[in-house]
Every structure is written in structure tokens, then in C-alpha cells.
J.: 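Sharing a structure here in C-alpha cells format.
Here the structure is a predicted model, which is why all the values come from computation and not from measurement. Here is the naming used below: chain letters follow the sequence lines, and residue numbers restart at 1 for every chain.
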Protein chains: 2
Amino acid sequence: MAATIKDVARRARVSIASVSRTLNNSSSVTPGVRERVLRAASRLHYTPHAAARSLISRRTHTIGLLLPDIHGEYFSELIRGVDRAARARGLHLLVSSTHGNNAEAADALRSMNGRVDGLLMMSPYIGGASLEDALPSGLPTVLMNTHEPAGIGAAFVVDDFGGARAMTAHLVAAGYEDIAHIRGPGNDFQSLERVRGYRAGLGAGGVARVIDGDFTEESGYLAGRTLAASDTPPQAVFAANDTMAIGCLFALTEAGVRVPHDIALAGFDDIPIARFVSPPLTTVRVDVAEMGRRALESLVVAIADPDAAGRSSIETVPVELVVRTSCGADSGHRTRCKEARE
Amino acid sequence: MAATIKDVARRARVSIASVSRTLNNSSSVTPGVRERVLRAASRLHYTPHAAARSLISRRTHTIGLLLPDIHGEYFSELIRGVDRAARARGLHLLVSSTHGNNAEAADALRSMNGRVDGLLMMSPYIGGASLEDALPSGLPTVLMNTHEPAGIGAAFVVDDFGGARAMTAHLVAAGYEDIAHIRGPGNDFQSLERVRGYRAGLGAGGVARVIDGDFTEESGYLAGRTLAASDTPPQAVFAANDTMAIGCLFALTEAGVRVPHDIALAGFDDIPIARFVSPPLTTVRVDVAEMGRRALESLVVAIADPDAAGRSSIETVPVELVVRTSCGADSGHRTRCKEARE
DNA sequence: AGACTCTCTGAAAACGTTTACTTGGCGCCG
DNA sequence: CGGCGCCAAGTAAACGTTTTCAGAGAGTCT
């Protein structure tokens, strides 16, 4: 149906090689030929066939983005960051989400062979088959938020430990003594790091109180209800992500517990909603879009320089404590409006 | 680097044809051959090269998703809906965002030739080059939220007109007489439809009061400030999307105007945040994820049946009025908590 | 026992490009 | 005036698959 290079060549009365050369201006062609080719190409609405082109040139100008799930603002932000960087470099984005386990990820990964020039992968799962041997060999890869030794390529990991420790320390400094932590799923690397940071932040004297969650609002809600009904409710709650913090907030509000007056609350991620709940949520800001951008740039250099570049480097993405009113250590209304407007 | 079908054939001591047949179980092969091929393939970590495969088979198992911008929750939801449907059918997703104009979209579109089996496109822009002739001819396409006559293929459009009319009528019924509308950009089809719905909802007696905006929170904020400072502030404000409504809400709050007591407020889209602002925002719910799913399904049938199926059908995606407290016509707190938990 | 049919396997063409190599024409220099 | 190089254009190979076609071998029927 669609016109091929042969059709253009025939119409322009030249060889297909000349058409290719003209269109890629790889080598000089006579103005006359050039003119005819261009005219014929536009007449026929010719567009090169990407598959054929990448078969021979071994370049797809596409990079694969493998995510655990596309749900929620966290990933939306990440996609956005990656997309902007990719489009600035003329690259396409093949997005794939793997609901859950590594086996599924390995599958998705396999089917990307010959489809992408490189891979951007976020795989916080622990256990199960390692992804390393599922990777089409030689495919440049950049990992995000993974525990795997970065034998595969460069990696970017959010400073989950540091952020959680800083937040916990902040709560301790604010005078809270009994600080509960709603953790994420046990097979998630980031979740574990945050628990570790929480314990570190408590310090030697502190006693840890960890409640299970799974990063969903529902689990935060349940945890909040449990805590509110407890004989010994904590003075503060630090949820491993904002989504759970918000679920918890609703459970507490529903139970008549005032935040932060009765129980202080803090989250992690600084998703856009965090500013808008009431009271505004104290949290740890993670610039995921920026992480996406950096990861893509890193991938681009890895692709350009197959094996020499940044092999096995792990880079930590810094985080930032964002103190709002939900933790009770803030001046209140003004900050909220200012932030909301930024 | 990576193993090819030839390597597998050599190792299994069979022809490449047998390897291909075994791997696609297209035709019966002897158990012995099958066994050898499978063993060789797994030994070599063989993965078929997607480009080569799609060059000959004319199937990429990938569909292109072209969006105006990936920013915000609206698109995040859409991507999610499409992704789920796609992965259920074993399809990949090539995502591309076109910041702005149709020319850029045409460009992105052209480069998808040979990369995708079909196209899912959301292009609300009006004016500029039509996309129709930029389309690689014969590529099945499904449009979303577009004004273009769907000569290209099937189309799904949100009932912007109906939603805006219903919302305006609701405000009128609630007793407001002076209802302002913060509109979206002038080159956006949905924006225009919503203005049209607003006017229709006002009815014969109503007098329209339209303020310019561009769908961003910033523009909503500015509009809100203007309105608050006006000599004759309106009794109600209907913003063309939630993002602007939230911007407006902050401007009003900042100016000391109480919502809904002094001025009622309503938005459009029901983005997740809408439930969490205070007061919770009355809005029009659009199930974008569902629209994405339906659009993809429709595209799948169009791909399966090249030209017979649903050519030029336009389907309207229904919307739903969601009354919360910001419009002053609700019972208040209970609804909020209930909704937030759902 | 010979021919016919059926099944499995291999050889080779095709998909639409890019690119190394070849050819031919022309200008320049000796 | 003839050979030498240079440049533009064409020819063909290659990329890694799928698929058509043909051939070989075995089994069956007459």
C-alpha cells in the first residue's frame, strides 16, 4: 500500500541508492537528482519503513521504558521526565508496565529485542529470577530504584534511606517519641530502604513500631484505623509513601483524630496531591521527572559508546525534606498557599 | 552480538526454516527436531529480532499513542487505560507527545510508519495542517477528542458539550444567576465545546461571562484573582477544567473569598485531586481510562479488518455530574469522606 | 511391486532499507 | 593528445526473519 523507496526511485528515474543518499544526505548528489528525488518523494507521500531501516542500520531510535506499574502520579511524572528528554533527542519511547513479578518483566524484556536501542528499567522487586540473564545480551541498560548489583549498567537510585532517616530524625527533633512507620511491601527494595532509614532515624534510644502496608491508599487507611483504635496510639505516623499517608489521614480524620494536633503525620514522595490535602502533608520530595531525565541521558551515552562508558556506576538521586503542617512543626497557612502557587 | 536464527539452526543441525516453524509452531515438526531446536534456542538465549520479523510479517504488535502532552493526571489515566487493554492483547505501546501544534504531530506521526500496526491519536487542536494527509496511508487510526471529520477512522469524543451544559444547568438550578466561565485555549476543540455547553446551559435568559484561560493552574489563578477583585463578582464560577478550578480556588481563598459561601465553584474532568481540595470540587467526571480502553479495542478490530470495520464512526463518551461541596448544593462532609474512600 | 499420497525438511525468495563496491564520464596534468 | 584520478550514480549484498515451493522419504493401496 504505502510507497516504498523503489516507487520513489522509479518515479524519479534514479536508483534506489540515490534516493537513500538524498534522503539521508549521506553523500553528495547532483542538484538535479536531488530535486527529482525530493519531488517524487513528496508526491508519493513517501515515508521510510522504520523496521526495514532499523534492520540494516541496527538503530531503532527507540528506547524501552519498563515500569512496575503505570498507576499513579509517581509514574506519570517519571514518564513525563523521560519523554521530554527523549523527544529532545529525537528518540521514541516504548512503554511497558509489568504488573508485579520479575518473570513477567523478563518476558516483556525479551520481546524488546530488536525494538529498542536501550532500556530504561525500574524494577524494585526482590527475589525471583534475576533479570540479568533475561536481557538480550549487549543491550545498553540503565536501572532505576533497584537493588540489583549494577553489573548490567548504570543505575540511579533514590536516596530512600537518607530521606527516611531525615524525616524520622525531624519527627524526633520535633519532640515525638512514639513514631510508627507504615511500611511498603516486603519484596520492594525501596520499601526496605525506607524502613532501614526509619530505624536509623530513630537513633539508639528509639523503639521501632512498624505496621505492614503495600503502598496503596487502602492499606494506609487500614493502618490508620488500627492505629487510631490502638490502646497506645503513637504520637506520630511516618508512612512509606504519600498515598498511604493520605489513606491514613482519612482513617484518622474519620476516627475523630486531629492531625497534627493528636497525631502527627508524614509521607514520602511529594506527589502533587500532597500539597492539597488538609492539612498539607509533610513529606520527602523526590524529583522523579529529573531522575527520569538523568537516567535517559545516561542511557544515551551508554548507547553511543557501547561498553566503555559508565559501566556499573550507581548514582544516588538526592531527596529533600518538605515540611508542611501535617507534622505539627510548621507555621501553617502561609506555606501552604505559597507552595500551592509555585 | 545476539544470537540469530542462523546460529540456532547451525547448533541444532537443522535449517532456519525448521527453527522458525518450531518457534512459531506454524506447522508440525518432528519431536526430535523440535527438541533440538528448543534446546539450542535456550542455550543461546535466542530472541527473535523484532525488526526483521515485522519487516516480513508486516505486523509490529505495537500501537502508537499520540498525545498532546503527557502532563498531568488526565493523560496519566488515559495511558493507564490504554496500556492495560494493550497488554491484555499482547501489544506494545509507543508513546509520543506532541507539545503543541499539528505540524509537530504530523512529524511524529510520519516517523511511526513501519513501527506500529495502528494509531491512537488525541488531537484537539484546531487549525494548521490537517493530519489526514500526514498519515501513512492505510494505517488504521482511532481518534480521540478531535473535531476532525472522522474520515480517517473511528473516533471517540468526550461529551464536553453535554457535560458543560449539565453543569451550568445545575448551577442555574441551584439559584445562581451570574455564572462566569473560565474557558480553555481557543484552538482546542474540547475547550470550544465546553464554552458552547456553558452557553446552552445558561438558557435563553442567562448572560454569558467568559474569561480566557489555557487549562493551566496558573491561568485559573489569574482568572480567580480578577474575579475576586471585580466590582461585580459573579455568584458562581465554572472552570473548563479542574486544574484551572483549583488555581481559581486558591486565588479566591487568598483573597478572602469563601467557597462556596461567597462564590460557588465547579470544574471539569474529575481528576483525582478534585476530591481532596477543600472544599471538595464539584465537577464533571470523565472516565478517561475507560475511553482509552474502548478506543484501543476499537483500533484492534480496525487492524484485524483493514477497511470494512467501523469506518468513520463517531462515538460519544458519556460524562457524569459529580456534585461535591464547592458548588454549595451538597450536604457536605459525609459525601467527601465516602468518596475519598471509594 | 509400482505408483500415489502424505508429511517433514530444506532451499530460496521476499520484505525495504543502507552501504560497499563497481562503473562510467569528465577534467586535469604531463 | 592520452592516461590518471575523481566524483556521481548504479548494482548488489546484507540485515534476520517468514513463507512458498520443491524434494525426499515413508507408508499405503491396487
J.: Please report the interatomic distance CG(A:Asn24) to CZ(A:Arg53), rounded to the nearest 0.5 Å.
T.: 5.5 Å
J.: Is there a donor-acceptor pair under 3.5 Å between the side chain of B:Asp117 and the backbone N or O of B:Ile63?
T.: no
J.: B:Ile5 has an atom CD1; how far is it from atom C1' of C:dA12, in whole Å?
T.: 14 Å
J.: With no hydrogens and no angle check, is any side-chain donor or acceptor of A:Arg115 less than 3.5 Å from a backbone partner on B:Thr60?
T.: yes
J.: Between the side chain of B:Asn113 and the main-chain N/O of B:Arg110, is any donor-acceptor distance below 3.5 Å?
T.: no
J.: Main chain of B:Phe189, side chain of B:Asn145: is a donor-acceptor contact present, judged purely on distance under 3.5 Å?
T.: no
J.: For the backbone of A:Pro185 and the side chain of A:Ser191, can you confirm whether one donor and one acceptor N or O come within less than 3.5 Å of each other?
T.: yes
J.: Name the atoms and distances for all side-chain donor-acceptor pairs under 3.5 Å in residues 8-19 of chain A, with sequence neighbours left out.
T.:
from    : atom 1 : to      : atom 2 : distance (Å)
A:Ser15 : OG     : A:Ala17 : N      : 3.4
A:Ser15 : OG     : A:Ser18 : N      : 3.4

J.: Main chain of A:Leu94, side chain of A:Ser96: is a donor-acceptor contact present, judged purely on distance under 3.5 Å?
T.: no
J.: Is a side-chain N or O of B:Thr4 found less than 3.5 angstrom from the main chain of B:Lys6, in a donor-acceptor match?
T.: yes
J.: To the nearest 10°, let me know how far the axis at one end of the helix from C:dA1-D:dT30 to C:dG30-D:dC1 is tilted from the axis at the other, five pairs an end.
T.: 60°
J.: Identify the 5'-most and 3'-most nucleotides of DNA chain D with at least one atom closer than 4.0 Å to a non-hydrogen atom of chain A.
T.: D:dA8 to D:dG16
J.: Mind calculating the distance between CZ (B:Arg36) and P (C:dC8) to the nearest angstrom?
T.: 15 Å
J.: Counting N and O atoms only, with roles assigned by atom type, does the side chain of B:Asp160 sit under 3.5 Å from a partner on the main chain of B:Glu193, one being a donor and the other an acceptor?
T.: no
J.: Tell me the interatomic distance from A:Asn24, atom CG, to C:dT17, atom P, rounded to whole angstroms.
T.: 11 Å
J.: Using nucleotides 21-27 of chain C, report all nitrogen or oxygen pairs with the protein that are shorter than 3.5 Å.
T.:
none

J.: With a 4.5 Å heavy-atom cut-off, do A:Leu78 and A:Met144 have their side chains touching?
T.: yes
J.: With a non-hydrogen cut-off below 4.0 angstrom, is B:Ser27 in contact with a base, only sugar-phosphate, or nothing?
T.: nothing
J.: Could you check how far CG of B:Leu55 sits from C1' of C:dA13, rounded to whole Å?
T.: 13 Å
J.: For a quick check of understanding: with a heavy-atom distance under 4.0 Å over all strands, which category does A:Thr30 fall into, base, sugar-phosphate or nothing?
T.: sugar-phosphate
J.: Can B:Glu77 and B:Arg80 be counted as an ion pair, charged N to O under 4.0 angstrom?
T.: yes
J.: If the condition is salt bridge (charged side-chain N to carboxylate O under 4.0 Å, His left out), which residues does A:Arg293 pass it with, not counting sequence neighbours?
T.: A:Glu290
J.: Answer yes or no: does a side-chain N or O of A:Ser57 lie under 4.0 Å from OP1 or OP2 of C:dT18?
T.: no
J.: Looking at every non-hydrogen atom in both residues, tell me the closest pair between B:Ala85 and B:Glu297 and how far apart they are.
T.: CB-OE2, 4.1 Å
J.: When you get a sec, tell me which of C:dA14, C:dT18, C:dC8 is the closest nucleotide to the side chain of B:Ile56?
T.: C:dA14
J.: Rounded to the nearest Å, what distance is computed from the NE2 atom of residue A:His61 to the P atom of nucleotide C:dT17?
T.: 15 Å
J.: So if I take residues 12-19 of chain B and measure heavy-atom distances to DNA chain D, which residues fall below 4.0 Å?
T.: B:Ile16, B:Ala17
